[in-house]
Amino acid sequence: MNHTRTAAALIGLLLLTACSSTTEPGPPPPSTSFQPPSPSESPTATLSLPAHKAWCTEELIKRKEQEGTIPSEPRPVACLGLGNSDFLSAYTEALMEANRKALEERRKAREEKAAQSEG
């Protein structure tokens, strides 16, 4: 139950942070390029912790794109070997990336609407 409360609190903070307006572009998203292990290999045996967290983050982002949400449970297979702290870190990074993408889409939509009204 504490994990749910902690995740909910972090989500709330992230949403508040993501909604603040800035004129400067944010930092570029972290690179999550890596090769996931083959299905016959154990992810925890072949990946370093940073690579494992990046794989988990990527899978959570895919879940957001497919389902429209990032539920913390059940964890994707890519996240199963991570401890709670590392999973929460990957989960938070996925939320921040999803927010960055949504803000960028909204910015583009506003620009397109402004261009249409001008022309």
Is the shortest side-chain heavy-atom distance between [X] and [Y] below 4.5 Å?
{"X": "Leu60", "Y": "Phe87", "result": "yes"}
{"X": "Ile61", "Y": "Ile70", "result": "no"}
{"X": "Glu97", "Y": "Lys64", "result": "no"}
{"X": "Pro71", "Y": "Arg63", "result": "yes"}

Determine, for [X] against [Y], whether the closest basic-nitrogen to carboxylate-oxygen distance falls under 4.0 angstrom.
{"X": "Arg107", "Y": "Glu104", "result": "yes"}
{"X": "Glu111", "Y": "Lys108", "result": "no"}
{"X": "Glu93", "Y": "Lys53", "result": "no"}

- Item | Shortest non-hydrogen separation from His52 to Ala78 and the atoms involved |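 Heavy-atom minimum between the residues: NE2-O, 2.9 Å.
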- Search all heavy atoms of Arg75 against all heavy atoms of Leu82 and return the closest pair with its distance.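 Taking every non-hydrogen atom into account, NH1-O, 3.0 Å.
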- Pairwise distance CG(Leu88) to SG(Cys79) - rounded to 0.5 angstrom: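 The SG atom of Cys79 is 11.5 Å from CG of Leu88, to the nearest 0.5 Å.
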- Message: Pair Lys62, Glu65 - check salt bridge (charged side-chain N to carboxylate O under 4.0 Å, His left out), show working.
- Response: CA-CA 5 Å; Lys62 285 180 188 176; Glu65 292 169 355; over 6 Å; no
- Query: For the side chain of Thr57 and the backbone of Ala90, is there at least one donor-acceptor N/O pair under 3.5 Å apart?
  - Reply: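 Judged by distance alone, yes, a pair lies under 3.5 Å.
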